[in-house]
*Asks:* 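This structure is in structure tokens; I'll ask about it shortly.
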Number of protein chains: 2
Amino acid sequence: MGRPQRRRCRSGLHRVGCGTVSVEDVLTGLDGRRPAERIRQVAREVGYVPDIQAIGLRRQRTRLLGVVMARLTDYGLAAIYEGIERAAMRHGFHTMVTNSWDDPATRQAHVEMLLGRRVDAMIFGDAHVDGAFVDEFTAHGIPFVLVNRRAGDHPSVTCDDYAAGRLAAEHLFALGHRRVGVIAGLPYASNGIDRTAGFTDYFAERGHPVPSAAIVDASFDSAGGALATERLLERQPYPTGIFAVGDFAALGAVGTLRERGLYPGRDVAVVGFGDLPIAAQLTVPLTSVSSPLYEMGARSVDLLAALMRGEPAESLRLRPELRVRESSGSLLP
Amino acid sequence: MGRPQRRRCRSGLHRVGCGTVSVEDVLTGLDGRRPAERIRQVAREVGYVPDIQAIGLRRQRTRLLGVVMARLTDYGLAAIYEGIERAAMRHGFHTMVTNSWDDPATRQAHVEMLLGRRVDAMIFGDAHVDGAFVDEFTAHGIPFVLVNRRAGDHPSVTCDDYAAGRLAAEHLFALGHRRVGVIAGLPYASNGIDRTAGFTDYFAERGHPVPSAAIVDASFDSAGGALATERLLERQPYPTGIFAVGDFAALGAVGTLRERGLYPGRDVAVVGFGDLPIAAQLTVPLTSVSSPLYEMGARSVDLLAALMRGEPAESLRLRPELRVRESSGSLLP
DNA sequence: TTGTAAGCGTTATCAC
DNA sequence: GTGATAACGCTTACAA
């Protein structure tokens, strides 16, 4: 064996258990140890690493999961992905994530790439409620689950977003708010839609339906929340309670309120969703509906694994919890 | 050709340009279109996608970049990764990211996996200053760059963290603060180290050295910042200015201050680093040193591409900018 | 047990 | 040009 430090096994080191050339080198110096161990040691020494591509090619399965997220800079999605990565490892899978930016062309390109890599299965975190893309994807015959957002009857693991909306509504209603507004998120994302529905249903049931003009769509980031809040504050009289379907949007709302000299929890109650780690640390801590992000990711892998074993796939709705803090005014005198 | 909808080309569709069985099917119905286009169309119809594994195996290069980050739930790292993903695409590369959690064993396992996939090159976003792991990695002979954190003389793209620390110091000094504290980040991460060094150097040069007890290590998250602030507030008299080397830590500091009845910008000036999108939206907007995250990611890919072309690799330090807001008290009367 | 050969899907080489 | 063939690194089925 020439100079070592070749990382790729171009010769026949992989056939080391049999009797190819390199066996000579490998077994030279075999000093009583069990061959298998000695082999592993030498392999390590020369920096041999099995070629996963070759293995995948030969076995026609890769144990690779493709994961498509809207954007990993969204804390929630990144947290879900961490759950996915960990659980996948537990199941003996590797994962490959990509950002689709919620853009059809980008998603298409990335999915094609993942198909080219012959992923064994897929997890979509960016489904649109209409389910158009996902429906189409079934044609590939590759098992998949949705996470974070549901679509049609496809197996999915989500937060019980409807219940989350009701929790927020119940809280604001109990505090006496009757004139409320909703920052509703993206119109094609089931999570925002369901949270909004849960919220508005609750108020409608109590005889105080939320006027549609007080429900404004917005992106999940703080800029979207800020903008939406400006719209809400145009109403006369303005709402005394705001439910934002995402914490970043809620913080955007806080920003706009501050600009108008209004304080969250004093002038306007603000409830967010997601319970970001920083929510509790803010100067005015944010009341938020918490959702088990990490678990959501992990459970989606479990569901996928079941599906791949041919077991029936039951969609999962994980339970949200309300975390009451000062931004909804409930702790102030 | 039998029923379509087989996603994998098990037969000979790939040899369609030559004269294998399937050519028949492919060329049947050729109605004047240029063959190449017709082929592409049929390929699309049957759902044919080239096998990237096979290509990689044959060509001995994958155009795949391995990316190792500490945690993608860290906004900065996720943003850097987005820059990497986009730039990689521009260069004709795909990327595969993994979370190392700054844990040697996890990092080792993930790197081995990436080597097994025969990545053409690597980007490490989680290097330790001592450079131990990275030094070792050079043995593989695979080109790589560091991003976000530097180590030794290895090519890296980072924020000019030392300058960032000086910016923060200059600002607090100009506001009249002389008794300051630093929440210094992880002791093995160059970015925190450099920011701290820049900050303390500035104060030392002005004749007001920061006592070492007023420099406390902490994780970059808000819990770390909260804890560190408790330590800082034990000092008598407590510091009137705090520089946290990360915004999340800064928000943690804000949380602890609030618990003690101290208000950021009034009782204690707080300066963060990273300029999170929400920094400007908070009830008390956060003064922060901004760093070009997306660009950092993109430039690291450019640097890597140059390196792979055999060009000499010059490390890059991108310029930070100070964003003054109310948490440092500078805008209050 | 140990060894051999075929084949996964692609590309590169060489002969026609 | 066009068409056949070997090879990439691995697994697996089968033969010795």
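Just the heavy atoms: all of them, side chains too, but no hydrogens, waters or symmetry mates, feed the values below. Within every chain, numbering begins at 1; the chains are lettered A, B, ... in the order of the sequence lines, protein sequences first and strands thereafter.
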*Asks:* Where each pair must be Watson-Crick or G-U wobble with both distances under 3.5 Å, what dot-bracket representation of DNA chain D is obtained, with crossing pairs in [ ] and other-strand partners as |?
*Replies:* ||||||||||||||.|

*Asks:* Would you mind reading off the distance between B:L57 atom CG and C:dT10 atom P, rounded to a whole angstrom?
*Replies:* 12 Å

*Asks:* Please give, in whole Å, the distance from D:dC10 P to A:R63 CZ?
*Replies:* 19 Å

*Asks:* Considering only distance and modelled atom types, tabulate donor-acceptor pairs under 3.5 Å from the side chains of residues 291-298 of chain B, sequence neighbours left out.
*Replies:*
from   : atom 1 : to     : atom 2 : distance (Å)
B:E295 : OE2    : B:R299 : NH1    : 2.9

*Asks:* Does OP1 or OP2 of D:dG9 have a side-chain N or O of A:R58 closer than 4.0 Å?
*Replies:* no

*Asks:* Show your reasoning for whether side chain to side chain contact (heavy atoms under 4.5 Å, CB included) applies to A:T98 and A:M69.
*Replies:* CA-CA 6 Å; A:T98 59; A:M69 288 292 181; over 6 Å; no

*Asks:* Examine D:dG9: is either OP1 or OP2 under 4.0 Å from a nitrogen or oxygen in the side chain of B:Q60? Give yes or no.
*Replies:* yes

*Asks:* Has A:R59 got a side-chain N or O lying under 4.0 Å from the OP1 or OP2 atom of C:dC8?
*Replies:* no

*Asks:* Mind calculating the distance between CZ (B:R61) and P (D:dG9) to the nearest angstrom?
*Replies:* 16 Å

*Asks:* Check the phosphate of C:dC8 against A:Q53, side-chain N and O only, distance under 4.0 Å to OP1 or OP2. Yes or no?
*Replies:* no

*Asks:* Can you list the residues that meet the ring-ring contact (aromatic ring centres under 6.0 Å, His included) rule with A:Y75, with sequence neighbours excluded?
*Replies:* none

*Asks:* Please enumerate all residues that pass salt bridge (Lys or Arg N to Asp or Glu O under 4.0 Å) together with A:D102, with sequence neighbours excluded.
*Replies:* A:R107, A:R149

*Asks:* Considering every strand and a 4.0 Å limit on heavy-atom distances, what is the contact class for B:I55: base, sugar-phosphate, or nothing?
*Replies:* sugar-phosphate

*Asks:* Could you work out, with salt bridge (Lys or Arg N to Asp or Glu O under 4.0 Å) as the rule, every residue matching A:E314, not counting sequence neighbours?
*Replies:* none

*Asks:* Under the rule for side chain to side chain contact (heavy atoms under 4.5 Å, CB included), what residues qualify as partners of B:A151, not counting sequence neighbours?
*Replies:* B:A127, B:L146

*Asks:* Could you tell me how far apart B:D51 (CG) and D:dG9 (P) are, to the nearest whole angstrom?
*Replies:* 16 Å

